[in-house]
Amino acid sequence: MSISESSYLASIDAVEEGLRGVDYLPSREIATTVFLANRLAKPILVEGPAGTGKTELAKAISRLLSRELVRLQCYEGLDDAKAIYEWNYSKQLLRIQSAKNSDDDSSWNGVRGDIFTAEFLLERPLLHAISGSDPKVLLVDEVDRVEVETEALFLEVLSDFQVTIPEFGTIKAASMPMVILTSNNTRELSEALKRRCIFLYLGYPSREREKDILTMKVPGLTEALAKEISDYVAFLRGIDLKKAPSVSESIDWALTLISLGASTLENEMVRSTLNVLLKYQGDIDKAIAKLA
Amino acid sequence: MSATFGDFYDAVVEFSRLLRDAKVPVSMTELVDATMAIEAISPLDREQLRVALFATMVKSESHRKVFNTVFDVFFSRRSNFFDADEGRGDGVGDAVDQGGFGDQVDLDGLREMVVEALKGGDVEQLARLVRIAVARYAGIERGRSVSGVYYSYRTLKQLNLDAIYAALRPEDNAQMDVVAKVIANDKVEDLVSRLKDTLEDEIRRILVEDRGATAVVKTIKPTLPQDLDFISASRDEIEKIRHAIGPLASKLRARISGRARRAKRSQLDFRKTYRESLRYGGVPIEMHLRKRRPSKPEIFIIADISGSVASFARFALQLVYALSENFSKVRAFVFIDAIDEVTEFFSQSSTIEEAIRLINTEAKVVHLDGHTDYGHALEQFTARYLDDLTKKSTILILGDARNNYHASKAELMAEMRRRSRGLYFLNPEPANYWNSGDSIVREYQRYADRVVECRNLRQLELFVDSLT
Ligand SMILES: Nc1ncnc2c1ncn2[C@@H]1O[C@H](COP(=O)(O)OP(=O)(O)OP(=O)(O)O)[C@@H](O)[C@H]1O
Ligand SMILES: [Mg+2]
């Protein structure tokens, strides 16, 4: 860890300050958890509803530490060839071909040992995250999208920071990555995975923090309007909607309101722009009924 | 006295044991992480300690509430870790009770001060006032093994939640935009939650002092929606209960129709079979099955919707209406100190939410001062609707039978019962609190078929199931 890195992670206050400095407004809980993840050298499992800043947190940490962000986007059907490594078949083939052509008997044995070396390995995100001497930030995004059996692929990297390749042996981390896994909680993750992580739940921010996020992200937004927006959005999250507005949606709404020249929330303006905030007609109708 | 790392280490081990008792699993690895975490932070900072333990020991948001309660109990301000650095030691409260304004201020004054502290966001003042309120009104019985939610409920009842709501609401101002009004009203809900939290903190503190952390943890509330107490539920919990009612109603509907099918299939009409058999010398050649059509009851639901029991009324109405096809008719009446029929609201509205909103804004339920008056409500019901009751009517009265020392008018219930098929009183208070203070369950019990304890969805389900 470089000197500047360690100073950003030296204390909870430093993390808090640092993240702010790279345009991410952490709660005290977020800052404390990031601090601990570093001290305990454990991945953070970040869970919460859509659009509450889970992915952005990983990006912000990579900005803060000036580290490369390695992202593994999960999806159904993800396998080790896409997540960890793959042999570079065409390159191996070429090597074999050239050995054959040389007509030298002894060379085949040499080739067998040869083609299963680092040179013929294609690094996928998990392997890439631990190789190279410069430490990285590894984001395993939406891990709840892979089948529970596939989670096993991540375990070795997450707890031992190493990858085992049968033909080759075990590759130990050349540098320690900071690891963030996100989940929208569409299914229970395995106990094995959860045990290896420390846990952070990112719910909707408090009114106060959302107001600050808005003023930070939306140029030209007044403190007063930001406050009204965060209050109104907090109210909407309390009524029974199919999909509550997320932070990204409240940012979009603020941008819309600004572009329409609003300086305060009022009935007509709110009604005509609710579709930016709410994605279902039923939800929009409900919100409008509350303005009766 | 300041705690050493060793003290914290032992405490964390003990704490993990309590979490497991409260059904939050903590593995060995997680315990090790937790002890490493406290080495990395300043554990004397309660909030740092809370986050460190949560992040390492708990891996699901659904356990947060239980975790927080166990944490608050175990690392309560009373325990030897924090007593030096918290500004809320005993001194403050005692001074308030003895030398300060504690003695002089009356109930109304106390309520006003609570409202001011809430509005001004004065956390310390609020804690002081709540401390006085609990000392005066909670009626805490030392040594009793309860979770404390009823102490909180009792205190709120005395402070009068309705009056607090009224005082917190912004004044009606025609100029104000509707959006601003919506926001302001939503904030009122937030403030009331804050008051409830502060109350619970104080009560927990006393319970821990009385019985010790371990004993108190054992009484921590369950978190399944069907076990949550109606009258002490927080805002979040009320949401959970609300979401559980839909599935519960479908389950009940399936069960009811299954029962109806089976009943239809298997009822032997013994008389008819016997009568016919006489023609064949007493040999039952032909079996006659009875087409049993159990007449569906007609429901009269009469609900107390004053502050502390309002959510119970709401859930009961929601469930009964979700099952309305299993009844021949449902009529709904609500009251505080006056009664109003709200059946129309349900037929006009497309959703139960809408109907509840109409009830809250349109129903005329306040006659004098807005203190619940069962007697007056019964009088009005009798005057207006008694003739509508028939032997098909089943009457459900919903409320805690806390009558603010008004006349009970229980004799009116006798006539209501005589004219109907059955009369049930559903009470969201635990039975061991009935008949204490201004609760007059006893007087109504005489005329009701049953007074049923309905503290949670589980009990409500059992009762509603028995109706059909
Ligand atoms: N604390 C914060 N500080 C600054 N910006 C934030 C914060 N929280 C959320 N945002 C903003 O909200 C938006 C949504 O965040 P992000 O995409 O990280 O959400 P997510 O939780 O990963 O959502 P999903 O589950 O849909 O992937 C981003 O544009 C981000 O800038
Ligand atoms: Mg994301």
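The chains referred to below are lettered A, B, ... by the order of the sequence lines, with proteins before strands, and numbering in each begins at 1. Basis for what follows: all heavy atoms, side chains included, without hydrogens, waters or symmetry-related copies. As the structure is a prediction and not an experimental result, all values here were calculated from the model.
Here the CD atom belonging to B/Gln48 is positioned 7.5 Å from the CZ atom belonging to A/Phe35, to the nearest 0.5 angstrom. With rounding to the nearest 0.5 angstrom, the CG atom of B/Leu49 is 11.0 Å from the OG1 atom of A/Thr32. If you take CE on B/Met176 and CD on A/Glu266, they are separated by 14.0 Å, rounding to the nearest 0.5 Å. Considering OG of B/Ser62 and CD of A/Glu188, their distance stands at 7.0 Å, rounded to 0.5 Å. B/Met36 contributes atom CE, which lies 10.0 Å from atom CD1 of A/Ile198 (distance to the nearest 0.5 angstrom). Distance CG/A/Leu291 to NZ/B/Lys181: 11.5 Å, rounded to 0.5 Å.
Annotation for B/Tyr9: atom OH does not count as buried by contact number, only 12 or fewer foreign heavy atoms lying within 6.0 Å. A 6.0 Å sphere centred on NZ of A/Lys243 holds more than 12 heavy atoms belonging to other residues, nucleotides or ligands. A/Lys279 NZ: more than 12 foreign heavy atoms inside a 6.0 Å radius. Counting non-hydrogen atoms of other residues, nucleotides and ligands closer than 6.0 Å to CD of A/Gln162 gives a total above 12. Other residues, nucleotides and ligands contribute only 12 or fewer heavy atoms inside 6.0 Å of the CZ atom of B/Arg194. Environment of NZ in B/Lys187: crowded, with over 12 heavy atoms of neighbouring residues, nucleotides or ligands closer than 6.0 Å.
Options B/Ala55, B/Pro25, B/Ala37 differ in how many heavy-atom pairs under 4.5 Å they form with chain A, and the most are formed by B/Ala55. Contact count versus chain A (heavy atoms, under 4.5 Å) is highest, among B/Ile183, B/Thr56, B/Thr29, B/Val58, for B/Ile183. The greatest number of non-hydrogen atom pairs below 4.5 Å with chain B, out of A/Glu47, A/Arg195, A/Arg39, is found for A/Arg195.
A heavy-atom distance below 4.5 Å is not found between the side chains of A/Asp231 and B/Asp186. Looking at heavy atoms from C-beta onward, B/Phe54 lies out of side-chain contact with A/Thr33 at the 4.5 angstrom threshold. Annotation: side chain of B/Val179 is not in contact with side chain of A/Met269 (no heavy-atom distance under 4.5 Å).
With a threshold of 4.5 angstrom between heavy atoms, A/Ile44 does not approach chain B through any atom at all. Heavy atoms of B/Glu30 lying under 4.5 Å from chain A belong exclusively to its side chain. For A/Arg196, no part lies near chain B; criterion is any non-hydrogen pair under 4.5 Å. Residue B/Glu47 does not touch chain A at all, counting heavy-atom pairs closer than 4.5 Å. Neither the backbone nor the side chain of A/Asn185 comes within contact range of chain B; no heavy atom of the residue lies under 4.5 Å from a heavy atom of that chain. Only the side chain of B/Asp190 comes within contact range of chain A, with at least one heavy atom under 4.5 Å from a heavy atom of that chain.
A pairwise comparison of heavy atoms in A/Lys42 and B/Asp33 identifies NZ-OD2, 2.7 Å as the closest pair. Heavy atoms only, all atoms of each residue included: A/Leu265 and B/Asp177 are closest at O-OD2, 4.1 Å. Shown here for B/Ala52 and A/Leu36, the closest heavy-atom pair between the two residues is CA-CD1, 3.6 Å. The heavy-atom pair separating A/Tyr201 from B/Arg64 by the smallest distance is CB-NH2, 3.6 Å. Here the closest non-hydrogen pair linking A/Asp240 and B/Arg242 is CB-NH2, 3.1 Å.
A donor-acceptor distance shorter than 3.5 angstrom exists from the side chain of B/Lys59 to the backbone of A/Cys197, with no hydrogens or angles considered.
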